[in-house]
Amino acid sequence: MRKRLPRAFYGGDALDVAPVLLNKVLVAGPVAGRIVEVEAYEGALDPGSHAFRGCTARNATMFGPPGHLYVYFTYGMHFCSNVVCGDEGTATAVLLRALTPLRGLDVMQARRVKSRREADLCSGPGRLCQALGLGRDHDGADLVRADRGVTIVDDGVTPPDEPRVTTRIGLRPGQGDDRPWRFLVPGAVGLSRRT
DNA sequence: ACCGGGATGTTCT
DNA sequence: GAACATCCCGGTG
């Protein structure tokens with residue numbers, strides 16, 4: 001079983017979509033990994049979201065229709081990737097934070113020379129973009145159409161009945177750092193930190 | 001194991 | 001000029 005997720009899957013609010021994205025499979029050309037850690041960003045009302053300060057050239061994809069990939073550049077050397085959710089204009093999105101490597105591990109390793117352990121090939125939002133080759137060119141890609149080779153599929157593994165829920169990583173105090181909007185698969189291989 | 005700091009450049013004030 | 005949804009390395013315990 002290997003079914004591409006339909007547009008309707010992404011149509012809900014990021015907070016609803018985030019937990020059901022767990023255990024789905026992110027595919028980028030010849031490489032793929034199972035999504036085991038995500039964070040919800042709740043649009044214009046969320047001080048932790050890029051959308052909080054309105055639509056700009058950088059975050060325009062977030063304000064577009066659901067089911068597209070929002071990729072942004074940060075810290076001078078890393079990319080992070082999000083799945084756009086909700087109705088057009090709501091700018092809610094789910095940050096992909098970690099994958100369990102599934103396919104094309106040799107390609108991933110070649111892109112991530114500094115990764116010593118297989119479990120660390122995709123164990124962070126910047127790392128997974130590097131391993132999957134996601135960058136500027138992938139911003140706006142339509143996941144439903146596998147645009148630019150990027151899509152998300154359901155291979156039959158269901159989301160966890162009880163995902164672990166924590167606060168989000170890397171936000172400054174007062175910027176929504178207290179909201180419990182990070183979801184992960186307990187005990188999964190490749191999480192961004194020890195559980 | 002934990003912690004501190006440097007890398008590096010785009011975006012927004 | 002500061003902040004940045006990060007990562008990696010080298011210190012210490």
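Labels below follow one simple rule: chain letters A, B, ... track the order of the sequence lines, proteins then strands, and each chain is numbered from 1.
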Inset, instruction - May I ask you to verify if any side-chain N or O of A:Arg127 is less than 4.0 angstrom from the OP1 or OP2 atom of C:dC8? - result: yes
Inset, instruction - Give me the ring orientation class for A:Phe79 and A:Phe73: parallel if the planes are under 30° apart, tilted from 30 to 60°, perpendicular past 60°. - result: tilted
Inset, instruction - Could you check which nucleotide pairs with C:dA5 in any of the strands shown, counting Watson-Crick or G-U wobble with both distances under 3.5 Å? - result: none
Inset, instruction - Keeping the roles fixed (side chain from A:Asn23, backbone from A:Val157), state whether a donor-acceptor pair exists under 3.5 Å. - result: no
Inset, instruction - Between A:Asp120 and A:Gln175, name the one whose nearest nucleotide on DNA chain C is closer to the 5' end. - result: A:Gln175
Inset, instruction - Using a strict cut-off of less than 4.0 Å between a Lys/Arg side-chain nitrogen and an Asp/Glu carboxylate oxygen, indicate whether A:Asp46 and A:Arg168 qualify as a salt bridge. - result: yes
Inset, instruction - Mind calculating the distance between CG (A:Leu121) and C1' (C:dC7) to the nearest angstrom? - result: 14 Å
Inset, instruction - Using a heavy-atom cut-off of under 4.0 Å over every strand shown, decide if A:Gly48 touches base, sugar-phosphate, or nothing. - result: base
Distances for protein N/O vs nucleotides 3-6 of chain B N/O pairs under 3.5 angstrom?
none

Legend entry - Whole angstrom value for the distance that separates P of C:dA5 from CZ of A:Arg193: 15 Å
Legend entry - Integer angstrom distance from the P of C:dA2 to that of B:dG6: 16 Å
Heteroatom pairs (N/O) under 3.5 angstrom, protein to nucleotides 9-12 of chain B:
unit_1: B:dC12; atom_1: OP1; unit_2: A:Thr56; atom_2: OG1; d: 2.6

Legend entry - A:His50 vs C:dA5: side-chain N/O to OP1/OP2 distance below 4.0 Å: yes
Inset, instruction - Flag the pair A:Asp139 and A:Arg136 as a salt bridge only when some basic side-chain nitrogen lies within less than 4.0 angstrom of an acidic carboxylate oxygen. - result: no
Inset, instruction - Take the protein atom CG of A:Leu95 and the nucleotide atom P of C:dC4, then report the distance between them rounded to whole Å. - result: 15 Å
Legend entry - Main-chain N/O of A:Val144 paired to A:Asp142 side chain as donor or acceptor, under 3.5 Å: yes
Legend entry - Donor-acceptor pair, side chain of A:Glu88 and main chain of A:Pro66, under 3.5 angstrom: no
Inset, instruction - Please say whether more than 12 non-hydrogen atoms of neighbouring residues, nucleotides or ligands are located less than 6.0 Å from CD in A:Gln175. - result: yes
Legend entry - Between C:dC4 (P) and A:Glu39 (CD): distance, integer Å: 15 Å
Inset, instruction - Examine distances only and state if a side-chain atom of A:Ser115 and a backbone atom of A:Arg112 form a donor-acceptor pair shorter than 3.5 Å. - result: no
Legend entry - A:Arg112 side-chain N/O to C:dC7 phosphate OP1/OP2 under 4.0 Å: no
Inset, instruction - Send over the distance from A:Asn82 CG to C:dA5 P, rounded to a whole Å. - result: 11 Å
Legend entry - Charged N-O contact under 4.0 Å between A:Asp120 and A:Lys114: no
Inset, instruction - Send over the distance from A:Leu171 CG to C:dT6 P, rounded to a whole Å. - result: 8 Å
Inset, instruction - Would you indicate which nucleotide in C:dT6, C:dA5, C:dC9 comes nearest to any side-chain atom of A:Lys114? - result: C:dC9
Legend entry - A:His78 NE2 to B:dT8 C1', straight-line distance once rounded to whole Å: 9 Å
Legend entry - Inter-residue atom distance A:Tyr41.OH - A:Cys85.SG, 0.5 Å rounding: 13.5 Å
